[in-house]
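Below is one structure, written out as structure tokens; comments come after it.
So you know, we letter chains A, B, ... as the sequences are listed, proteins then strands, and number each from 1.
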Amino acid sequence: QQQVKQSPQSLIVQKGGISIINCAYENTAFDYFPWYQQFPGKGPALLIAIRPDVSEKKEGRFTISFNKSAKQFSLHIMDSQPGDSATYFCAASYRGYQKVTFGTGTKLQVIP
Amino acid sequence: GAVVSQHPSWVICKSGTSVKIECRSLDFQATTMFWYRQFPKQSLMLMATSNEGSKATYEQGVEKDKFLINHASLTLSTLTVTSAHPEDSSFYICSARDVLAGRNEQFFGPGTRLTVL
């Protein structure tokens with residue numbers, strides 16, 4: 001019930017293209033869904049996050065789409081750039097429960 | 001704001017020695033800090049939750065006598081790997097919650113690469 005499933009495991013996108021990473025969860029108590037970006041040898045950095053009372057959140061080139069009924073959420077990176085090449089983790093947690101459950105990660109490579 | 005630092009960034013030690021890793025919240029008070037372990041090309045695995053002034057809560061399968069956690073102040077938590085062995089080699093990452101800001105997100109440190117020879 002605590003699991004967050006993430007796909008794909010790796011992704012290669014052409015520069016300027018759209019990168020899409022999908023996640024699914026089981027625990028309906030989750031009410032906070034962050035995405036983290038991690039570069040090699042560095043800690044994860046919060047990229048964008050959403051709560052289930054909205055279906056979409058956009059920050060610059062990054063958009064989270066959230067489907068509460070399907071218990072799925074996804075990250076869209078528009079106009080992908082080589083600098084976006086990193087590993088992306090979706091995650092989930094719920095109020096009062098301090099732990100964050102991470103997805104398995106997606107290694108994104110944006111090629112020129 | 002919400003910066004978390006770790007020290008050292010990397011450490012190499014001999015088998016059998018102990019290593020201490022520090023995690024500091026630089027611009028906020030963190031009543032709760034978390035310690036993660038990450039193997040190459042894998043996700044983050046939560047090891048323990050550290051609450052200021054109380055004993056840490058360890059995840060199932062994590063040896064609390066081997067991974068000693070101390071959270072003595074609102075801005076500092078330490079992880080000591082005791083009697084380290086090569087299998088303890090990993091990337092250790094801490095995170096902290098900015099509880100006073102009422103936010104749920106965790107802010108992560110840059111990580112510490114531990115190599116045990």
Proximity breakdown for [X] and chain B, heavy-atom pairs closer than 4.5 Å:
{"X": "A/T104", "value": "backbone"}
{"X": "A/P34", "value": "neither"}
{"X": "A/Q38", "value": "side chain"}
{"X": "A/Y36", "value": "side chain"}

Atom NE2 of B/H7: over 12 foreign heavy atoms under 6.0 Å: no
Other residues, nucleotides, ligands: >12 heavy atoms within 6.0 Å of B/E87 CD: yes
Is there a path of hydrophobic side-chain contacts, each under 4.5 Å between heavy atoms of I, L, V, M, F, W or Y residues, that connects [X] with [Y]?
{"X": "B/F91", "Y": "B/M47", "value": "no"}
{"X": "B/L68", "Y": "B/L114", "value": "no"}
{"X": "B/Y36", "Y": "B/M45", "value": "no"}
{"X": "B/L76", "Y": "B/I21", "value": "no"}
{"X": "B/L74", "Y": "B/F28", "value": "no"}

Step-by-step side-chain contact (heavy atoms from CB on, under 4.5 Å) determination, B/R97 to A/V100: CA-CA 11 Å; B/R97 290 180 71 206; A/V100 173; over 6 Å; no
Side-chain (B/S43) to main-chain (A/G103) donor-acceptor, under 3.5 angstrom: yes
Between A/G41, A/G105, A/A91, the one whose heavy-atom pairs under 4.5 Å with chain B are most numerous: A/G41
Separation between NZ of A/K99 and OG1 of B/T57, rounded to the nearest 0.5 Å: 7.5 Å
Leading residue by heavy atom contact count with chain A [cutoff under 4.5 Å; candidates B/T49, B/V4, B/T32]: B/T32
Portion of B/Q38 that has a non-hydrogen atom of chain A nearer than 4.5 angstrom: side chain
